[in-house]
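When reading the values below, keep in mind they use all heavy atoms of this one structure, side chains included, and skip hydrogens, waters and symmetry mates.
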Amino acid sequence: MTDRTQNAMWGGRFAAGPDAIMEAINASIGFDRRLYAQDIAGSHAHAAMLAATGIISDSDAAAIREGLLTVLSEIEAGKFEFSTALEDIHMNVEARLKEIIGEPAGRLHTARSRNDQVATDFRLWVRDQVDAAIIGLTALQRALIAQAEAGADWVMPGFTHLQTAQPVTWGHHVMAYVEMFGRDIGRFADARARMNECPLGAAALAGTSFPIDRQMTAEALGFDRPMANSLDAVSDRDFALEFLSASAICAVHLSRFAEELVIWSSAQFRFVTLSDRFSTGSSIMPQKKNPDAAELIRAKIGRILGATVALFTVMKGLPLAYSKDMQEDKEQVFDAADTLMLALAAMEGMVRDMTANRTNLERAAASGFSTATDLADWLVRALGLPFREAHHVTGSLVALAEKKGCDLPDLSLPEMTSVHAGITQEVYSVLGVRNSVGSRQSYGGTAPEQVRAQIARWRERLG
Ligand code: ARG
């Protein structure tokens, strides 16, 4: 036997301890220490259940409970010495418990395996992240709604292909993201409902011969019910995949909005001014104010997408039940969750602090022939032209305005009638951007009344 002695937890059949490289590839304590609170909560629930079912004595359960409280406070005080030789958080906690309370610690692992233990700990951790994501998203929605409310009737260009398409309202554009983030919340909430079943008691894979009460542990840990199949309980990580998938979609929404903020804050657009608190300067160009937070949100999203692909790849070929591959689930999810929470908080701060520049928005809205569709619609409505012909006539008027270097409302009536004789003075009433947005009263349309109705609906929903 070398100085690397047998592992105290599983070394019974081993004559020698692991090679240093084996220890390095095998250990997860470097990252799964983040699960300490969940691990200890799971052990509390398990020990209480073992005592309630008479599997261990009340006095052993009491000793375990006291000991676990000590371990928890040691970890929280930064006094706990994590050991790589003890591989992971589960064995680190149990080994320390043994040092503190002695023999009863050895009874805690009755009717339990690290396989159901880690599945339980990780579900609890991911569940907390789901809740945090929903809180972060709701805060972001509130910040967006405040912006939308302030400028519910401000006119701005609506884009397709990033070319001016039709005027829209600032409130309408901002509320589009409130809808997206609302669906993200829905996805997290759906995932939460599905993941809220308890794996504890599945033991290694087949269940246990001890008369455990899985209902009791499930309830103690805030789960809706125990998982119904022990093999499934220890071997699936679909809850983590769902969290990552919901995060990835949310991340894409964040990234698109971040891209808009980068464009909008540029000198060419000046649609918004980001606050100093969420901008940075350049060390060489004194005039610069850069939207770094938006850029970093746009970029960091890659980590979330990467984590999603990585965990799908880890899981895709694994036979039932547990395989050590699954230890690779954690770092990806930890990093994705950290990234998401940071991105949500940064986005919320940026939105809360930013100022939309009404004058610039409205000036831009009026350029680029943005009311051409209104003109075509008027030709259909007032003159009874087929839409295709109205489209053609309008196209000729746009070409004329372009040649003259003016916008559509600047064309004189004789110039208008030179293209189509039936056009009357009334046409000018539809050419203003305000008239244009005001006319779009269809449900979900950009008219300020419609936007305000959606804001009111969301306000009520968010309470
Ligand atoms: N650290 C392990 C993990 O994260 C715990 C489960 C170990 N189970 C086992 N059968 N070796 O997956």
Side-chain angles (χ1 to χ4, degrees), residues 24-35 38 88-89 115 118-134 136-137 140 177 180-181 183-196 199 231-260 262 293-347:
I25 195 171
N26 196 36
S28 54
I29 189 62
F31 48 88
D32 69 12
R33 63 176 68 183
R34 279 186 80 161
L35 300 177
Q38 290 75 15
D88 56 27
I89 186 63
N115 296 350
V118 73
T120 305
D121 295 1
F122 198 33
R123 256 175 208 257
L124 288 170
W125 194 89
V126 172
R127 193 179 70 185
D128 282 350
Q129 299 304 307
V130 167
D131 292 342
I134 291 175
L137 278 162
L140 175 54
Y177 284 99
M180 292 179 232
F181 294 129
R183 287 194 298 279
D184 290 335
I185 290 175
R187 266 180 286 274
F188 282 116
D190 289 350
R192 192 191 200 285
R194 241 183 322 276
M195 78 175 63
N196 205 30
L231 290 166
D232 174 41
V234 294
S235 70
D236 207 353
R237 292 292 181 268
D238 59 351
F239 63 95
L241 291 172
E242 278 200 68
F243 170 71
L244 289 174
S245 305
S247 299
I249 296 174
C250 175
V252 169
H253 290 153
L254 285 168
S255 185
R256 293 185 72 179
F257 191 40
E259 166 70 0
E260 296 212 299
V262 171
E295 293 167 85
L296 286 165
I297 289 170
R298 193 174 59 184
K300 276 181 185 289
I301 281 354
R303 304 168 73 118
I304 298 174
L305 301 183
T308 308
V309 173
L311 187 56
F312 272 107
T313 311
V314 166
M315 296 304 298
K316 74 167 187 56
L318 295 184
L320 304 189
Y322 179 84
S323 295
K324 194 62 172 253
D325 308 50
M326 286 154 65
Q327 179 167 286
E328 285 293 307
D329 56 2
K330 290 170 213 57
E331 280 173 294
Q332 302 293 345
V333 175
F334 289 163
D335 188 66
D338 291 344
T339 304
L340 182 69
M341 302 315 153
L342 183 59
L344 284 171
M347 187 59 97

Would you give the length of the straight line joining atom [atom1] of [X] to atom [atom2] of [Y], rounded to the nearest 0.5 angstrom?
X    : Y    : atom1 : atom2 : value
I304 : S247 : CD1   : OG    : 6.0 Å
T339 : I297 : OG1   : CD1   : 11.5 Å
K300 : L340 : NZ    : CG    : 12.0 Å
D329 : F239 : CG    : CZ    : 6.5 Å

Carefully, step by step, assess L140 and L254 under the rule side chain to side chain contact (heavy atoms under 4.5 Å, CB included).
CA-CA 10 Å; L140 175 54; L254 285 168; 3.8 Å; yes

Closest contact, heavy atoms only, [X] versus [Y]:
X    : Y    : answer
A133 : L344 : O-CD1, 3.9 Å
A307 : L244 : O-CD1, 3.7 Å
Q327 : I25  : NE2-O, 4.4 Å
A258 : M347 : N-CE, 3.6 Å
M326 : D236 : CE-N, 4.5 Å
V262 : E295 : CG2-CG, 3.9 Å

Does this structure show an ion pair linking K330 with D32, if we count only N-O contacts that are shorter than 4.0 Å?
no

Are D184 and R187 ion-paired here, with the side-chain N under 4.0 Å from a carboxylate O?
yes

Looking at F334, is R34 sitting on its ring face, NZ or CZ under 6.0 Å from the six-membered ring centre and within 45 degrees of the normal?
yes

I want to check something: taking the side chain as every heavy atom from C-beta on, are V314 and L311 in contact at a cut-off of under 4.5 Å?
yes

Does R183 reach the side chain of I249, with side-chain heavy atoms less than 4.5 Å apart?
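A side-chain contact is absent here, since even the closest heavy-atom pair is not under 4.5 Å.
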
Sequence neighbours excluded, every pair satisfying salt bridge (charged side-chain N to carboxylate O under 4.0 Å, His left out) that has a member inside residues 249-260
E259-R298

Residue pairs passing the salt bridge (charged side-chain N to carboxylate O under 4.0 Å, His left out) test where at least one lies in residues 307-324, sequence neighbours excluded
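For residues 307-324, and leaving out neighbouring residues, the salt bridge (charged side-chain N to carboxylate O under 4.0 Å, His left out) pairs sorted by first residue read E87-K324.
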
What is the ring orientation for F243 with F188, classed by angle as parallel under 30°, tilted 30 to 60°, or perpendicular over 60°?
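Aromatic pair F243/F188 classed tilted.
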
Check the orientation of F181 and H253. Use parallel for under 30°, tilted for 30 to 60°, and perpendicular for over 60°.
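Because their plane-to-plane angle is over 60°, the rings of F181 and H253 count as perpendicular.
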
Verify side chain to side chain contact (heavy atoms under 4.5 Å, CB included) between F122 and R237, making sure each step is shown before the conclusion.
CA-CA 9 Å; F122 198 33; R237 292 292 181 268; 4.3 Å; yes

